[in-house]
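Letters A, B, ... mirror the listed sequences (proteins, then strands); counts begin at 1. In this text, all values refer to a predicted model and were calculated from it rather than measured experimentally.
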There are 2 protein chains.
Amino acid sequence: MTAAANQSGRRSTSRRLERAGIRDVAAAAGVSITTVSDALNGKGRLPDETRSRVREVAERLGYRPSAAARTLRTGRSGLIGLTVTTYGEEPFTFTEFAYFAEMARAATSAALGRGFALVVLPASSRHDVWSNIALDGTVVIDPPDQDPLVTELYRSGVPVVSDGKPGNCPVTAWVDNDHEAAVLDILDHLSEAGARRIGLLTGTSTDTYTRLSTEAYLGWCRRVGQEPVYETYPAHDPAAGAVAADRLLARPDRPDAVYGLFDPNGTDLLAAARRYGLRVPEDLLLVCCSESDVYAGTEPPITTLSLKPRKIGTTVVNLLIDAIEGVDPGSAGGHRAEGSRLFPPRFRTAGTGPPPGTLMPTELIVRASSQRRSPRRTVSPPRSPGGG
Amino acid sequence: MTAAANQSGRRSTSRRLERAGIRDVAAAAGVSITTVSDALNGKGRLPDETRSRVREVAERLGYRPSAAARTLRTGRSGLIGLTVTTYGEEPFTFTEFAYFAEMARAATSAALGRGFALVVLPASSRHDVWSNIALDGTVVIDPPDQDPLVTELYRSGVPVVSDGKPGNCPVTAWVDNDHEAAVLDILDHLSEAGARRIGLLTGTSTDTYTRLSTEAYLGWCRRVGQEPVYETYPAHDPAAGAVAADRLLARPDRPDAVYGLFDPNGTDLLAAARRYGLRVPEDLLLVCCSESDVYAGTEPPITTLSLKPRKIGTTVVNLLIDAIEGVDPGSAGGHRAEGSRLFPPRFRTAGTGPPPGTLMPTELIVRASSQRRSPRRTVSPPRSPGGG
DNA sequence: GACTCTTGGAGAAACGTATCTTCAGACCGG
DNA sequence: CCGGTCTGAAGATACGTTTCTCCAAGAGTC
């Protein structure tokens with residue numbers, strides 16, 4: 001007791017009325033700080049009586065362990081960065097699209113459930129902000145090729161999991177949709193509904209989503225023998241989308257079905273169709289990729305492809321925390337991702353092979369805009385009942 | 001140099017291949033760690049030559065100061081909590097409504113601009129998550145009366161600024177719209193457009209927004225001599241809104257104009273009106289509170305009240321950081337809030353008076369749904385040209 | 001030449017926790 | 001009676017900064 005009391009005495013003279021520290025608790029309980037730490041953290045070998053007594057004293061003193069000190073000592077902050085990449089020169093697309101909002105929400109929730117909190121950090125943030133925060137790991141949304149930020153993070157030993165298959169930057173793991181399969185699915189769906197010439201509304205940026213989707217479309221055209229009909233525009237510019245939709249329907253080789261890669265494309269295409277006197281779905285079949293449920297209420301309702309951002313967000317965070325906690329994902333201790341795991345994930349062992357990736361399924365929500373036969377049906381599964 | 005070299009030597013034997021620390025930089029540059037710290041942080045009295053040499057060495061070694069250690073030492077983490085309150089039993093309304101998404105985005109941006117990052121923390125989070133994070137301050141969105149979380153934060157000395165005038169919990173400062181003025185404005189606007197009986201669609205929860213708005217409506221009715229016509233529903237339940245909208249228009253004393261307090265009310269009311277064969281705006285004038293621009297594209301476009309979440313988010317964060325940095329908001333050093341400041345903010349001096357509040361203006365975006373005369377006009381200022 | 005300033009920089013003490021090591025004593029079998 | 005094991009707990013160190021205090025030497029000043 002004497003030592004603890006001495007320390008406490010010293011402190012009380014040097015500082016006044018500050019928050020109670022572990023030493024104060026130790027002194028008040030008549031034990032050492034080791035015992036306090038052990039009692040509060042459920043470690044060490046202590047009789048339950050001591051444990052509860054210490055806890056009670058700590059409670060009475062309103063003791064709150066210093067997160068900073070704990071982080072310094074343990075090397076764990078309980079903080080995960082959520083990086084939102086910026087489109088073009090736009091400062092900040094976070095929550096701009098429903099996809100990001102949903103994904104961020106699910107990620108926050110999943111992290112919280114495992115005791116971590118999320119720090120929202122645009123990739124364009126000042127470097128001093130980044131380096132001033134103790135991060136246990138980072139989620140990166142849709143990193144561009146050769147993202148210097150990701151590279152530096154990875155090099156400095158911070159686990160990085162990306163939403164979107166990374167181009168050339170090393171990551172611990174990544175999660176993405178099977179964009180190729182999704183596009184092919186939609187094209188088949190439109191063909192079955194009677195489409196003869198399917199057009200595409202796509203973006204000019206080089207992110208994986210845009211690239212894979214466009215390539216899948218072009219490949220399908222080649223295979224089926226259809227001339228590609230597509231227009232591109234900078235996806236981050238909301239005004240440009242309407243213009244591109246107009247361009248697409250104004251072409252001499254006007255498509256009789258269109259798939260739009262971005263969320264606002266549905267309303268833009270619908271408006272353009274109206275301007276050209278095209279009826280949907282009679283004259284024009286429409287599908288777009290969107291997480292917004294406004295398309296259930298448009299006239300007519302529009303078929304959408306959902307990328308399942310909630311599943312993605314949850315999976316990304318779980319993979320990241322697994323990596324942080326050093327869990328072997330094969331063992332029983334690891335948290336199982338919810339979606340189907342097409343690629344068996346392996347955690348990076350120094351310099352062997354590509355980082356493990358997980359492909360998540362998408363969901364096609366079929367509505368009136370892509371059905372000629374029975375426009376009364378509103379929602380149906382994407383494939384015939386026999387499909388997996 | 002000897003001491004530094006010794007320390008470096010000791011360390012290199014005990015640990016291998018870890019990140020470079022300040023000691024390593026000091027040893028490599030042949031100076032003391034004090035000098036390194038001063039050089040890197042622009043403090044102390046050092047000739048530029050030494051400064052740049054140290055910086056260069058640090059760069060070469062890839063030195064990144066430990067955020068945890070800095071936080072422990074300085075007591076500043078550069079982290080701000082963003083608390084999203086939960087509606088009813090719903091887990092998590094963050095980004096649910098456009099208001100929160102916009103507000104959070106603006107807050108993140110503003111914080112980043114001043115060197116802080118935001119940690120998203122639902123009020124329902126496990127306590128261990130809260131206490132495990134070193135927060136310099138917290139933004140609380142719409143705290144309920146007697147929020148225990150806010151009370152504890154405030155008591156433990158963490159500055160708290162709330163979006164929404166707090167009920168009974170102590171905060172450092174708060175920001176809110178002038179909801180009473182906004183409602184009165186809308187009611188006047190509808191009256192001028194020819195409404196004889198104005199109805200209200202409101203919520204059952206007790207948050208400030210709902211309470212003040214409803215009270216303003218009731219007061220106006222009393223003053224004008226109109227019998228109140230309103231329906232309430234739990235705002236967090238999206239399905240209940242449509243039902244309540246239907247109830248309101250099914251009443252025997254059916255209103256000829258309705259103001260809906262929540263974002264989805266516009267589409268719900270429009271759908272209900274259609275079901276009852278009511279034309280908007282001919283038979284029914286419509287206004288709702290929303291940040292979504294879908295109401296510019298509905299048929300007809302709907303007049304909305306914007307609470308200006310971006311301004312709110314920016315102001316809240318700036319007030320919080322002012323408090324964290326101990327800036328007297330009256331002095332030139334303080335960051336000026338952008339909006340009009342109806343109450344002169346004073347920072348809390350122990351136990352005197354209520355916390356300083358700032359009222360921000362709202363904006364009425366007038367569209368066809370609330371105008372009988374000239375439905376062609378789409379957007380106009382809320383008041384007559386003479387108004388402030 | 002003794003004195004004050006000023007400049008450049010080093011030493012060492014925190015910050016508050018977690019944990020490794022050590023240690024005294026109790027208990028126990030032979 | 002003695003060595004060994006187990007329990008309960010204290011001591012000390014390290015985590016990596018920032019910053020307060022102090023000192024040496026050079027530069028002026030009278």
Heavy atoms only: give me the nearest G115(A)-V129(B) pair and the separation to one decimal.
-> CA-CG2, 3.8 Å
Using only heavy-atom distances, decide whether a donor-acceptor pair under 3.5 angstrom links the side-chain of S32(A) to the base of dG11(D).
-> no
What does L46(A) touch in the nucleic acid at a heavy-atom separation under 4.0 angstrom: a base, only the sugar-phosphate, or nothing?
-> sugar-phosphate
Can a salt bridge be assigned to the pair R53(B) and E49(B) using a cut-off of 4.0 Å between side-chain N and carboxylate O?
-> yes
T138(B) side-chain N/O to V160(B) backbone N/O, donor-acceptor pair under 3.5 Å = no
Length of the line joining E49(B):CD and dG8(C):P, which is rounded to integer Å = 11 Å
Are any of T50(B)'s side-chain N or O atoms less than 4.0 Å away from OP1 or OP2 of dG9(C)?
-> yes
With distance as the sole test, does R51(A) use its side chain to make a donor-acceptor pair with the main-chain N or O of D38(A) at under 3.5 Å?
-> yes
Would you mind telling me which residue lines up with the more 5' stretch of DNA chain C, Y63(A) or D38(B), judged by nearest nucleotide?
-> D38(B)
From dT17(D), dT17(C), dG8(D), pick the nucleotide closest to the side chain of I22(B)?
-> dT17(D)
What's the CZ-P distance between R64(A) and dT17(C), to the nearest Å?
-> 12 Å
In terms of side-chain heavy atoms of R23(B), which of dG8(C), dG16(D), dA9(D) is nearest?
-> dG16(D)
Which whole-number value in Å describes the distance from R53(B) CZ to dG8(C) C1'?
-> 12 Å
Taking every heavy atom of W130(A) against every heavy atom of L135(A), the minimum-distance pair comes out as CZ3-CD2, 3.7 Å
Between dA12(C), dA9(D), dG11(D), spot the one nearest the side chain of I33(B), thanks.
-> dA12(C)
Spacing between L40(B) atom CG and dT17(D) atom C1', to the nearest angstrom | 12 Å
Using a cut-off of strictly less than 4.0 Å, decide whether S37(A) has a side-chain nitrogen or oxygen near OP1 or OP2 of dA18(C).
-> yes
Provide, to the nearest angstrom, the distance between the CG atom belonging to L61(B) and the P atom belonging to dG16(D).
-> 15 Å
Please give, in whole Å, the distance from dG8(D) C1' to D48(A) CG?
-> 13 Å
Return the 5'-most residue of the pair L72(A), K43(A) with respect to DNA chain C, ranking by each residue's nearest nucleotide.
-> L72(A)
Nucleotide nearest V31(A) when distance is taken to its side chain, options dA10(D), dG8(C), dT17(C) | dA10(D)
Counting heavy atoms from C-beta on, name the nucleotide in dT7(D), dG8(C), dG16(D) closest to the side chain of R45(A).
-> dT7(D)
Identify whether any heavy atom of T34(A) sits under 4.0 Å from a base atom; if not, whether one sits that close to sugar-phosphate; answer base, sugar-phosphate or nothing.
-> base
dA9(D), dG8(C), dC20(C): which one has an atom nearest the side-chain heavy atoms of T35(A)?
-> dA9(D)
Measure the distance from CG on N132(B) to C1' on dT17(C) and round it to the nearest whole Å.
-> 12 Å
